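Please read these numbers as outputs of a predicted model, since none were measured by experiment. Letters A, B, ... mirror the listed sequences (proteins, then strands); counts begin at 1.
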Amino acid sequence: MTFRDLVYQQTRRIPKGKVATYGQIARLAKKPKAARAVGVFMRANPFAPEVPCHRVVAADGSLNGYFGLQKLPKKKEMLLKEGVIFKGEKVDLSKSLWQETH
DNA sequence: GAGCTGACGCCTG
DNA sequence: CCAGGCGCCAGCT
């Protein structure tokens with residue numbers, strides 16, 4: 001079991017209508033400081049549809065990377081449709097942040 | 001094995 | 001509120 005697999009597993013657990021931050025995933029993977037590495041894994045994302053990397057956002061709710069491209073508006077709506085609350089161009093973490101239940 | 005890079009996060013100015 | 005800098009970790013060259 002590599003750190004990488006652990007990250008994908010946690011990401012896959014993000015429920016519909018909620019989002020998690022890179023740092024949160026990193027913490028679940030037992031490495032609170034590895035948020036950056038998490039981003040690298042999301043970029044690679046070998047489990048495309050299986051791992052909802054679009055539900056992973058920055059610590060302040062900003063949609064970086066995957067969303068930074070021309071798909072930004074579309075992805076934003078997709079999350080919005082899932083029930084994620086947006087506050088301007090960022091996710092309202094106070095309401096849509098995934099509540100870890102382990 | 002060494003060095004560079006990045007879908008991050010937090011602190012300062 | 002915006003910009004810049006530093007530390008973190010894993011993957012690739």
inquiry  = From CG of A:Asp5 over to P of C:dG11, roughly how many Å is that when rounded to an integer?
reply    = 9 Å
query = Looking across every strand, which nucleic acid part, if any, lies under 4.0 Å from A:Ala37 by heavy atom: base, sugar-phosphate, or nothing?
reply = base
message = Rounded to whole Å, please give me the gap between CZ in A:Arg27 and P in B:dC8.
response = 18 Å
message = Can a side-chain donor-acceptor contact be found between A:Ser62 and A:Asp60 if the only test is distance below 3.5 angstrom?
response = yes
query = Which whole-number value in Å describes the distance from A:Lys90 NZ to B:dC8 C1'?
reply = 14 Å
task = Give the rounded distance in Å between these two atoms: CD of A:Gln24 and C1' of B:dC10.
result = 17 Å
ask   = Should A:Leu6 and A:Val38 be counted in the same cluster of Ile, Leu, Val, Met, Phe, Trp and Tyr side chains packed under 4.5 Å apart?
value = no
inquiry  = Whole angstroms only, please: what is the CG-P distance between A:Leu93 and B:dG9?
reply    = 10 Å
query = Rounded to the Å, how far apart are A:His54 NE2 and B:dA7 C1'?
reply = 14 Å
query = Between the main-chain N or O of A:Phe41 and the side-chain N or O of A:Tyr8, is there a donor-acceptor pair closer than 3.5 Å?
reply = yes
request  = Please state how far atom OH in A:Tyr22 lies from atom C1' in C:dC8, giving the value in whole angstrom units.
outcome  = 16 Å
note = side-chain contact (heavy atoms from CB on, under 4.5 Å) test vs A:Val19 passes for just one of A:Leu63, A:Val84, A:Ile14, namely A:Val84
query = Quick one: which of B:dC8, C:dA10, B:dC10 gets closest to the side chain of A:Asn64?
reply = B:dC8
query = Taking atom types as they are modelled, is there a donor-acceptor pair under 3.5 Å from the base of B:dG9 to the side chain of A:Arg36?
reply = no
remark   = Partner of A:Lys95 under side-chain contact (heavy atoms from CB on, under 4.5 Å), picked from A:Leu93, A:Leu97, A:Asp92, is A:Asp92
ask   = Of the candidate nucleotides B:dA7, C:dA10, B:dG9, which contains the atom at the shortest distance from the side chain of A:Ala58?
value = B:dG9
ask   = NZ of A:Lys33 versus C1' of C:dC9: gap in Å, rounded?
value = 11 Å
ask   = Among B:dG9, C:dG11, B:dA7, which nucleotide sits nearest the side chain of A:Thr21?
value = B:dG9
key: Closest listed nucleotide, where the reference is the side chain of A:Ala35 and the choices are C:dG11, B:dG9, C:dC9   = B:dG9
